[in-house]
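Lettering of chains follows the sequences in order, A, B, ..., and the numbering in each one begins at 1. Because the structure is a prediction, the values reported are computed rather than measured.
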There are 2 protein chains.
Amino acid sequence: MTVTIRDVARQAGVSITTVSRAFNGYQDVSEETKKKILQVAESLNYRPSRVARSLVLQQTQSVGLMISDFNVNPGGHHFLFDVIAGVHDRLAYLGYDITLVSTTTARQRLISYIDFCTERRLEGVIVMGMRLDDPYMQEVAEAKLPSVGIDLPILSRYCGYVMTDNVNGARQGVRYLISQGHRSIGFVNGHAQAAVSVDRLRGYQTAMQEAGLEVKEDWIIHSNFLVDGGETATRQLLQNHPEMTAIFYASDLMAIGGMRCIQRMGKKVPGDIAVLGYDNIDLGEWVTPMLSTVAQKRYEMGVAAADMLMGMLLRQEEPGGRLLPPSLVIRESS
Amino acid sequence: MTVTIRDVARQAGVSITTVSRAFNGYQDVSEETKKKILQVAESLNYRPSRVARSLVLQQTQSVGLMISDFNVNPGGHHFLFDVIAGVHDRLAYLGYDITLVSTTTARQRLISYIDFCTERRLEGVIVMGMRLDDPYMQEVAEAKLPSVGIDLPILSRYCGYVMTDNVNGARQGVRYLISQGHRSIGFVNGHAQAAVSVDRLRGYQTAMQEAGLEVKEDWIIHSNFLVDGGETATRQLLQNHPEMTAIFYASDLMAIGGMRCIQRMGKKVPGDIAVLGYDNIDLGEWVTPMLSTVAQKRYEMGVAAADMLMGMLLRQEEPGGRLLPPSLVIRESS
DNA sequence: CTGTTAGCGCCTTCAA
DNA sequence: TTGAAGGCGCTAACAG
């Protein structure tokens, strides 16, 4: 059926070894035989089997890309897709393959994600979209398998992470609002089970304190990262605190929901309430008014995660926590 | 290093063969030895190697997921992510692995996508995000490797496809606009290199003709599926044809750009110009006014593609063209 | 420069 | 019910 190295050897009148050498760029093959071999291989349409190669080399040159619960995170799609693109491009460039792994699969098969990776001899794994309270967290943290988490601040012997510097992102954002004269600034955070939420809250608190402003618990609401959550939270915030002049949201989707709510209440953005989001999704540029936001380098996060993992794999580097700088994108809403 | 079947056999005091049988659910192993083997395997933390298994069984149980040009298609991310989720869930359920393949990788490595798949012994491939004028199209169509395209209407011995019935989607959409009393209906289509554009155009034309309305070339503009493209196209349309009372867009992003443009021109949606989009992206629900649109079943497309491929692989079914019905989602913009 | 030999980890006849 | 032997396609010493 499939043509093997043996077929090529036979056709070219050489041994299997020689064919192998010719294909792996060894120098100790005469130009002539090499040329002949390549030509025969071409005519036979021979492609070396990565499977056999992986077996004998004891390395698959492939890593897992674990996306926790594919469908659970509608608002995060944009975010993850760009990260995936970064991971993929970098890994592909280095000749590594990517196998999709998901917790849903593992769960329904009653197999741990580690077993999944081990069976496939994946050399490492990049984990994204996982919540801090996910039962798999523990497993990721304790596994011997090299791994890098995206927005998952766990650090261990074999596990590093990449995330945006969310403390500073939030801090810069709130600081900007303060610089615009705002004093009563609400904060709609994401759910507490997301690592990023913890950091963004601290950033908000820090900026407020640095400006000598009181941090009122009432001004902070936990929501769900999505449009409807932003809307609900905003209504609550504005009804209870009419003195509020600005709201900072932990996601653009919530900010968009917030703007909608504010406008429905007959108020103006940014005239009555200034709005600042987080994420810099494409659509922020196309809502009215255009959304100001804290931008994350999504693609770069993927690249950084891939780089860290490869560093561990190829050069035995220690895993670490890599923080990427956020940046402020000021448009019309604040 | 890694524990193999041999280690288990030795520890359990049986032959490799018996361990193999125990693990693959054969009946001809006594309950007692089987239990012992499983127990030893557990204590040794043994996981059978899929690599070795693939080699001897001559099948990898894994397929490629080819995403043409990861970064090129910002507006399509939402769309693809859901499709991927569908593909993944279905395939994982059937015990098949997914390896990411991209044309960019192949291009930079000067290797055809077919070679990429062959080297990895992928059993089939699902292709998405590809344009009709992509040089790889030919290759996909002619390859012997079983494949299924998403929104890629090529049919051959080994290649089927899944897409939404775009002719009817557009037809239904335009028909709805007509039922609302509109007669001068513009159409902002996507670029002509997308398969879906051809169909949506036909749907538009059909609906107009069925209603006895003239199809004017001037009312049709090709754009880029994105927000800015929709904005530009709309300005052009409205300036040249002030009699227009409704515009149909081949994507929600373009529709959102269009609404923005209309509103900037001091007109009202849907009062002055009714707007209808295509895709049903999440955000359509959160723009003002809320966007009416033609919805595609994204996740289901992924599932259907996976099913078709598995049918070809497992049951030698013929590939075909599967059209999924679209549905009209009427909100506020029309 | 080239071939021989011995596996990589697993499955599958064929015997016992 | 079990084991021995051969082989999947490829690489890597070790000799020539």
Peer 1: When the distance from CG of B:L55 to C1' of D:dC8 is rounded to whole Å, what number comes out?
Peer 2: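 So the two atoms are 4 Å apart, to the nearest Å.
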Peer 1: Mark yes or no for whether B:Q59, through its side chain, and B:E123, through its backbone, hold a donor-acceptor pair below 3.5 Å.
Peer 2: no
Peer 1: Between the main-chain N or O of B:T118 and the side-chain N or O of B:R121, is there a donor-acceptor pair closer than 3.5 Å?
Peer 2: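 Yes, B:R121 side chain to B:T118 backbone: donor-acceptor pair under 3.5 Å.
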Peer 1: Just how large is the angle between the end axes of the helix from C:dC1-D:dG16 to C:dA16-D:dT1, five pairs per end, to 10 degrees?
Peer 2: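 Answer rounded to 10°: the end axes differ by 40°.
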Peer 1: Between A:L57 (CG) and D:dA13 (P), how many Å, whole number?
Peer 2: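 Rounding to the nearest Å, CG of A:L57 and P of D:dA13 are 11 Å apart.
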Peer 1: Please check if the side chain of A:Q193 supplies one atom and the backbone of A:R131 the other of a donor-acceptor pair under 3.5 Å.
Peer 2: no
Peer 1: Does the D:dA12 base have a donor-acceptor partner in the side chain of A:T17 within less than 3.5 Å?
Peer 2: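 Checked by distance alone, the answer is yes.
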Peer 1: Check this for me: does any side-chain nitrogen of one of A:R10 and A:D7 sit under 4.0 Å from a carboxylate oxygen of the other?
Peer 2: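 A salt bridge links A:R10 with A:D7.
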Peer 1: Ignoring backbone atoms, test whether B:S15 places a side-chain nitrogen or oxygen under 4.0 Å from the OP1 or OP2 oxygen of D:dT2.
Peer 2: no
Peer 1: For the pair B:E139 (side chain) and B:I114 (backbone), establish whether a donor and an acceptor sit closer than 3.5 Å, ignoring hydrogens and angles.
Peer 2: yes
Peer 1: Measuring from atom CG of A:L145 to atom OH of A:Y158, what distance do you get when rounded to the nearest 0.5 angstrom?
Peer 2: 10.5 Å
Peer 1: Can you see if the side chain of B:Q58 gets near the phosphate of D:dG9 - specifically, an N or O under 4.0 Å from OP1 or OP2?
Peer 2: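 Result: yes.
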Peer 1: Contact class for A:Y26 (heavy atom, under 4.0 Å): base, sugar-phosphate, or nothing?
Peer 2: sugar-phosphate
Peer 1: Under 4.0 Å between any heavy atoms, over every strand shown, what does B:V51 touch: base, sugar-phosphate, or nothing? Just pick one.
Peer 2: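 No contact at all - B:V51 keeps every heavy atom at 4.0 Å or more from the nucleic acid.
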Peer 1: If you check every side-chain atom of A:A52, which of D:dT11, D:dC8, D:dC10 has the closest atom?
Peer 2: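 That would be D:dC10.
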Peer 1: Less than 4.0 angstrom between a side-chain N/O of A:S20 and OP1 or OP2 of D:dA12, yes or no?
Peer 2: no
Peer 1: List the steps, then state whether side chain to side chain contact (heavy atoms under 4.5 Å, CB included) holds for A:L314 with A:Y96.
Peer 2: CA-CA 12 Å; A:L314 265 28; A:Y96 265 66; 3.8 Å; yes
Peer 1: Please give, in whole Å, the distance from C:dC11 P to B:R6 CZ?
Peer 2: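 So the CZ-P distance, B:R6 to C:dC11, works out to 13 Å.
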Peer 1: In whole Å, I'd like the distance from the CD atom of B:Q59 to the P atom of C:dT12.
Peer 2: 10 Å
Peer 1: From A:D151 CG over to A:M128 CE, what is the distance, rounded to the nearest 0.5 angstrom?
Peer 2: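 Between atom CG of A:D151 and atom CE of A:M128 there are 9.5 Å.
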Peer 1: Hey, which of these two, A:N24 or B:V56, hits DNA chain D nearer its 5' end, going by closest nucleotide?
Peer 2: B:V56
Peer 1: Separation of A:K36 atom NZ from C:dT2 atom P, in whole Å?
Peer 2: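 Value for this atom pair: 12 Å.
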Peer 1: Measure from CZ on A:R10 to C1' on C:dG3 and round the result to the nearest Å.
Peer 2: 16 Å
Peer 1: Does NZ or CZ of B:R120 lie under 6.0 Å from the centre of the six-membered ring of B:F116, at an angle within 45° of the ring axis?
Peer 2: yes
Peer 1: In this structure, how many angstroms lie between the P atom of C:dC10 and the CG atom of B:D7, rounded?
Peer 2: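 Spelled out: CG on B:D7 to P on C:dC10 is 9 Å.
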Peer 1: Between C:dC10, D:dG9, C:dC1, which nucleotide has the shortest distance from any of its atoms to the side chain of A:D28?
Peer 2: C:dC1
Peer 1: If only side-chain N and O atoms of B:T18 are considered, is one of them under 4.0 Å from the OP1 or OP2 phosphate oxygen of D:dT2?
Peer 2: no
Peer 1: Would you tell me if any nitrogen or oxygen in the side chain of A:S49 comes within less than 4.0 Å of OP1 or OP2 on D:dC10?
Peer 2: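 For A:S49, the contact criterion (side-chain N or O under 4.0 Å from OP1 or OP2 of D:dC10) is not met.
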Peer 1: Touch check for B:V19, heavy atoms < 4.0 angstrom, all strands: base, sugar-phosphate only, or nothing?
Peer 2: nothing
Peer 1: For A:S54, which contact category applies under a 4.0 Å heavy-atom criterion: base, sugar-phosphate, or nothing?
Peer 2: nothing
Peer 1: Would you say B:S30 places a side-chain N or O within less than 4.0 Å of OP1 or OP2 belonging to D:dT2?
Peer 2: yes
Peer 1: Any idea which of D:dC10, C:dC10, C:dT2 is nearest the A:V29 side chain?
Peer 2: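 Between D:dC10, C:dC10, C:dT2, the one nearest the side chain of A:V29 would be C:dT2.
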Peer 1: Categorize B:F23 for me: base, sugar-phosphate, or nothing, with a 4.0 angstrom heavy-atom threshold over every strand shown.
Peer 2: nothing
Peer 1: Counting only distance, no hydrogens or angles, is the base of C:dG3 paired donor-acceptor with the side chain of A:R21 under 3.5 Å?
Peer 2: yes
Peer 1: What is the distance, to the nearest angstrom, from the CD1 atom on B:I16 to the C1' atom on D:dG7?
Peer 2: 13 Å
